Amino acid sequence: MLRSFVNSLPYPIKQGAKYIYGAIPPQFGYSKVFWDTYNFLQESQWWSKEKLEEYQMQQLEKLLNHAYNNVPYYKKIFDETGLKPKDIQDFDDFKKIPYLTKEIIRDNLEDLIARNYPSSKLQYCTTGGSTGIPMGFYVEKNITSAKEWAFMLTQWNRVGFRMGDRCVVLRGDVVRSANKGKFWEYNPANKNLILSSYHMTDETLSGYIAKIRKFRPDFIQAYPSAITILAKFMRKNNIKPFSCLKALLCGSENLYPWQRELLEETFQCRVYSWYGHTEQVVLAGECEKNTYYHVFPEYGIAEIIGKDDKTVTQENELGEIVATGFNNFACPFIRYRTMDLAIPTNAKCECGRNYTLLKRVEGRLQELIVTKDKRLITLTALIFAQHFEAFSKIKEMQLVQEKEGQLIVKIVRTSQYSANDEKEILYKMQRAVSDGLDISFSYISHIPRTKSGKYKFLIQKLSIEFGDR
Ligand SMILES: [Zn+2]
């Protein structure tokens with residue numbers, strides 16, 4: 001069986017080669033689920049809107065029947081609302097099912113597990129506390145992740161990624177030899193050169209660059225914050241880009257417009273980003289032609305719900321992503337409120353895919369700032385829609401909100417930074433919020449990372465609500 005999968009690969013692969021899968025975890029090279037999903041996506045991505053919707057309704061019917069018959073929480077919810085799965089005949093009917101929240105999952109986890117899945121088929125996952133609500137749940141062991149990687153490979157294909165490509169990885173991994181002064185390790189199983197994100201200083205970065213140049217990567221997979229540090233160092237020291245590089249693959253953190261600009265200029269290649277979750281209910285990535293996020297309809301149903309509880313239809317309107325995943329029947333998430341905000345667009349992409357497009361994912365609700373008069377301000381409005389001269393003289397920056405109407409700006413300065421730069425930042429930020437914030441500055445030597453090594457631009461200590469639901 002395996003041989004026929006390998007033969008059906010769209011890429012030439014040496015038979016019997018052990019390390020053919022590159023950044024894709026090698027075990028999935030042997031997974032029928034992985035290849036079935038991947039091959040399916042090669043066709044379905046070009047389907048018409050009608051055909052995709054028909055497919056979604058079929059998957060939804062399967063999921064709802066399963067949830068009603070096997071998942072105690074959904075049996076209860078259907079009974080309480082007087083619904084049966086057969087009552088859901090279209091996307092409007094679907095809206096009758098109440099939302100699933102992080103709190104509900106936290107308080108009802110046992111009842112969310114499908115009774116026809118033995119514990120041997122469950123894999124436990126947790127999400128970090130970036131939303132303020134840490135949460136545990138289950139996915140289908142070996143199945144959900146195999147499908148996930150098939151979707152990942154499909155979207156990375158759009159910028160030329162192929163199985164077996166060489167990748168530098170700069171994503172918060174701990175490199176064990178780093179305390180002995182070796183800041184990287186090579187994993188031949190997936191052709192990844194893993195670099196430490198925790199030791200990038202003016203003293204060590206020349207060593208990183210020499211190592212990358214010698215490795216000749218096809219791609220760099222990175223947290224935007226980590227690759228930004230490398231890019232700034234390269235700019236400052238006039239270091240030329242890596243000629244073999246096809247694209248930067250940037251996930252897991254928001255990629256801000258100024259970062260994309262800096263990275264594309266420094267590395268002279270495409271920056272590709274996508275939006276996904278540990279919960280694996282929604283996945284959306286850029287395409288060959290465009291930086292809008294293309295939401296995979298084969299992955300689940302993503303609704304964008306406005307403050308008024310209605311689906312967002314206006315251009316440039318902000319809504320919360322509410323998602324239903326098709327790839328996890330062990331612990332189904334149906335109409336799950338992700339607490340992430342997005343701006344959809346009705347534009348059609350020239351790539352030809354009939355997918356829902358998101359202009360921007362504004363990030364987590366916890367990435368909004370509250371003014372004195374209780375307005376919610378996005379980071380885009382406060383910072384990214386403006387140009388700050390001062391930013392070129394800053395190594396790193398972090399915002400902290402502890403009280404409504406107050407903001408602390410923490411800055412790691414370079415030697416060129418002066419009092420005028422503080423004035424500029426203060427003036428432009430206050431202008432953006434019509435003086436709705438008291439802003440103070442704090443100068444520090446280093447910005448700490450989260451447990452998983454991620455950088456957070458805003459530490460929001462208030463609990464933010466969107467709409468009245
Ligand atoms: Zn497109």
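Everything numeric here is computed off the predicted structure, so don't read it as measured data.
The aromatic rings of Tyr275 and His277 sit perpendicular to each other, their planes meeting at more than 60°, with 30° as the lower class boundary.
Evaluated for a ring-ring contact (aromatic ring centres under 6.0 Å, His included) with Trp156, the options Phe219, Phe151, Tyr272, Trp274 yield exactly one hit, Trp274. Screening Thr204, Leu205, Thr228 for a side chain to side chain contact (heavy atoms under 4.5 Å, CB included) involving Phe233 leaves a single residue, Leu205. Considering Phe391, Phe388, Tyr443 in turn, Tyr443 is the only one that fulfils the ring-ring contact (aromatic ring centres under 6.0 Å, His included) rule with Tyr417. Residue Glu298 is tested with Thr37, Thr154, Leu52 for a side chain to side chain contact (heavy atoms under 4.5 Å, CB included); the sole match is Leu52.
Pairs engaging residues 205-227 under the salt bridge (charged side-chain N to carboxylate O under 4.0 Å, His left out) rule: Asp218-Lys246 [sequence neighbours left out]. Counting only residues at least two apart or in different chains, salt bridge (charged side-chain N to carboxylate O under 4.0 Å, His left out) contacts with residues 347-356 comprise Glu288-Arg353. Within the structure, every pair that satisfies the salt bridge (charged side-chain N to carboxylate O under 4.0 Å, His left out) test and touches residues 272-284, not counting sequence neighbours, is listed here: Lys102-Glu279.
Taking 4.0 Å as the cut-off between side-chain N and carboxylate O, Lys147 and Glu140 do not count as a salt-bridged pair. We find that Glu286 and Arg260 are joined by a salt bridge, their nearest charged nitrogen and carboxylate oxygen being less than 4.0 Å apart.
The salt bridge (charged side-chain N to carboxylate O under 4.0 Å, His left out) search around Lys49 returns Glu53, not counting sequence neighbours. Asn238 pairs by the side chain to side chain contact (heavy atoms under 4.5 Å, CB included) definition with nothing, not counting sequence neighbours. Applying the side chain to side chain contact (heavy atoms under 4.5 Å, CB included) test to Tyr427 and every residue at least two apart in sequence or in another chain returns Arg431.
Judged by distance alone, the side chains of Tyr73 and Glu110 never bring a donor and an acceptor atom under 3.5 Å apart.
Within the model, atoms CZ of Arg337 and CG of Leu100 stand 10.5 Å from one another, a figure rounded to the nearest 0.5 Å. The distance from the CD atom of Gln59 to the OG1 atom of Thr324 is 12.5 Å, given to the nearest 0.5 Å.
Taking the side chain as every heavy atom from C-beta outward, Cys269 and Leu248 approach each other to under 4.5 Å.
The aromatic ring centres of Phe333 and Phe137 sit less than 6.0 Å apart.
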